Amino acid sequence: MGRLIESANMERFFTIMQKPVHSEDELMTKLRDAIACVEDELNVGRVMLQLSVKQSKLRAQSENMSCTLYHRPGICGCKPVGFSFRTGEGDIINITFYPRGEVVWDDEEKRDIHVIAYQLFISFRLESVQDLLKTAIKTDLAVGIPNVSGYMDFVIRLFSNKRLEHYVGVYFNIHNFKYVNKILPYEHADEVMKIYANRLLQELERDEIVARLGGDNYVALIREENANRFFEIINDMETTYHYENEIRKFHFSATIGAAKLFDVKDAGDVMTRISIAYQVARQLEKNEPVFFSEDFYADIMRQKEIIARFQRSLEMQEFVIYYQPKVNAEDKSLCGAEALVRWNTQGRMLFPGEFIPILEKDGSICRLDFYVLERTCELLRECMATGLKMPRISINFSRKHIGNPDLAREIISIIDKHKVPHQFIEIELTESEDFKDYVVMAEMIRQLKEQGISTSIDDFGTGYSSLNMLKMTTIDLLKIDRSFIPREEDYPNKKKDCIMFENIANLAKSLGYKVVVEGVETQNQFDYLKAVGCDIVQGYFFDQPLSVDKFLKRVAIGTYQ
Ligand code: C2E
Ligand code: MG
Ligand code: MG
């Protein structure tokens, strides 16, 4: 047995080695102190540590480092003893001991040194496992760059050092990554994501960060002077990937929200600002970065509030339905009405423009449309029971319903539940930007027509491919948007508006659709519309949207003077 193993110095060595440490510096000091306990007995002059860390899930790049762990002043011998240890992850730690002066170690001493080296390795390994765990918590394991927790650490550090104001916060979403997922198997798509993330890393300065939030969402903190270049990179990034003997090229751009970071009150502000800017960028569908402003904040908060309060308001019956009469142009009789919703909430009456676009984005509009249909059916049923001759009422159905293959069936079942004859309901649909939606819409319109329920295209002319829509569907009525009515001052000289309007109306009529014009405000407009053959008119000239009571009184009168 070696003399060192039994010595009091070795005991001291082990005691020091067991001390916990909290930083890399503390670890180095501990190892140095431990070696100092045995240096005299072993005649150690210098101990070198060389670390070779492989690239892994936790490390985007491999790393090599070497350092002097211990050095005693004086000349070192030229017969070092080295030990090489390998970790489970494949990292290599080499520890080399140099003797003092002319000392040459015998085999027994070399065995003692081996024991010391092994202890150093274990300690180093233990600390680096803890380090790895800490890194793991802050790393996106799929691509090997920081995750949101790593990002927030970085933000907090800059915030405490009062350096945030020199940075721009960025939140971005890669466009077209879906395409990569479609054409490559999952694990290969992940590789492309790794290449993308590494490409971003290469662009960063040492004091900048990019982190993955998950999916194709990223955040970054970039020094102000580098921000424009960073935006250019993420908006125009080309990546190549070898798959099945082919080189695949991908081109990525991004939706970018950004925020300047002066006046940040706490580190959490950064995430709030950049995510709001990102949400606005997504809504605006802009190709350039959208920078945070306080107005956005108020806007997004209002949207969030509307979405949050919607369901409860629906249950509390805060949505009220107004009915705007439709008038037969020929004899000015009331021939229909349109249900238009308002939101009576917190002492205010909100108009559709204030909440419908928000409910559309969130999808809750579908529930509201069914609610309006349901209440309208109830009204029709009640009024019919009193003997009042009710007109057909049209209900607006958002294009958000397109994804629902059962829409026609659901509409019919609500109407039937209230025992309302089908001819009393008309469904107003708006055009869609997506051509394949026409096929779905055409089928839905067909199913409704088969059941005697009329359909109309609302806001005709303001949407997308209006003429395609006309060709593919079998609607009953076409509602021409009020922006197409030739304006008052256009009569009789300004010809262009009239030519357009009359041709749209003639086209619709030749295809067999009744023409409804909405937004009629003056006698002049009405006379013109009647003269050019419009069938039905609707607008303030006759009535504004009316509360139920006023509407029923109007229905009872039945005609306009
Ligand atoms: P819309 O379906 O095109 O309805 C016609 C809009 O024009 C209504 O606005 C109506 O009040 C307004 N209007 C009618 N006559 C005149 C006029 O002479 N002059 C002017 N300047 N405006 C007139 P409202 O009620 O604010 O509704 C706006 C839009 O909100 C509707 O446009 C419709 O797209 C949507 N909307 C309303 N209720 C519902 C609903 O229950 N479901 C869905 N999905 N959308 C609805
Ligand atoms: Mg409408
Ligand atoms: Mg309209």
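Note: hydrogens, waters and symmetry copies are ignored here, and every other heavy atom, side chains too, is used. No experiment lies behind these values; they were computed from the predicted model shown. Numbering of ligands and ligand atoms starts at 1, following listing order.
Atom 42 (N) of ligand 1 has its closest protein heavy atom at D369 OD1, 2.6 Å.
Of the residues listed (H188, E191, R248, K249), the one engaging Y241 in a side-chain hydrogen bond (donor to acceptor under 3.5 Å, both in side chains) is H188, and it is the only one. Each of Y196, F252, F230, Y278 was scored for a ring pair (Phe, Tyr, Trp, His ring centres under 6.0 Å) with Y218, with one residue passing: Y196.
When all heavy atoms of I274 and A259 are compared, the closest pair comes out as CG2-CB, 3.9 Å.
When only modelled atom types and interatomic distance are considered, E360 and S398 share a side-chain donor-acceptor pair under 3.5 Å.
The number of protein N/O/S atoms found under 2.8 Å from the Mg ion (ligand 3) is 4.
Every N/O-N/O distance between F397 and ligand 1 stays at or above 3.5 Å. At least one N or O atom of E518, backbone or side chain, sits closer than 3.5 Å to an N or O atom of ligand 1.
At a heavy-atom distance under 4.0 Å, only side-chain atoms of Q324, from C-beta outward, approach ligand 1. When heavy-atom distances to ligand 1 are checked against a 4.0 Å cut-off, D459 comes that close only through its side chain, counted from C-beta outward.
Of the candidates P352, S398, C366, G353, P352 brings a heavy atom nearest to atom 26 (O) of ligand 1. Within the set L340, L350, L373, the minimum heavy-atom distance to atom 10 (C) of ligand 1 is found for L340.
By the 4.0 Å N-to-carboxylate-O rule, E426 lies too far from K479 to be salt-bridged with it.
Relative to the six-membered ring of Y322, R342 meets both conditions, a distance below 6.0 Å and an angle of at most 45° to the axis. For the pair R375 and Y371, the cation-pi test (distance below 6.0 Å, angle within 45°) is passed.
At least one heavy atom of E338 sits less than 4.0 Å from an atom of ligand 1. For the ligand labelled ligand 1, residue R482 lies inside the 4.0 Å heavy-atom shell. Residue-ligand proximity: R342 is placed with a non-hydrogen atom under 4.0 Å from ligand 1. Heavy-atom separations between V372 and ligand 1 include at least one value shorter than 4.0 Å. Distances shorter than 4.0 angstrom occur between a heavy atom of G519 and an atom of ligand 1.
Atoms of ligand 1 lying under 4.0 Å from any heavy atom of V520, numbered from 1 in the order shown and given with element: 18 (O).
Residue-level check: among N/O/S atoms of E338, OE2 sits closest to the Mg ion (ligand 2).
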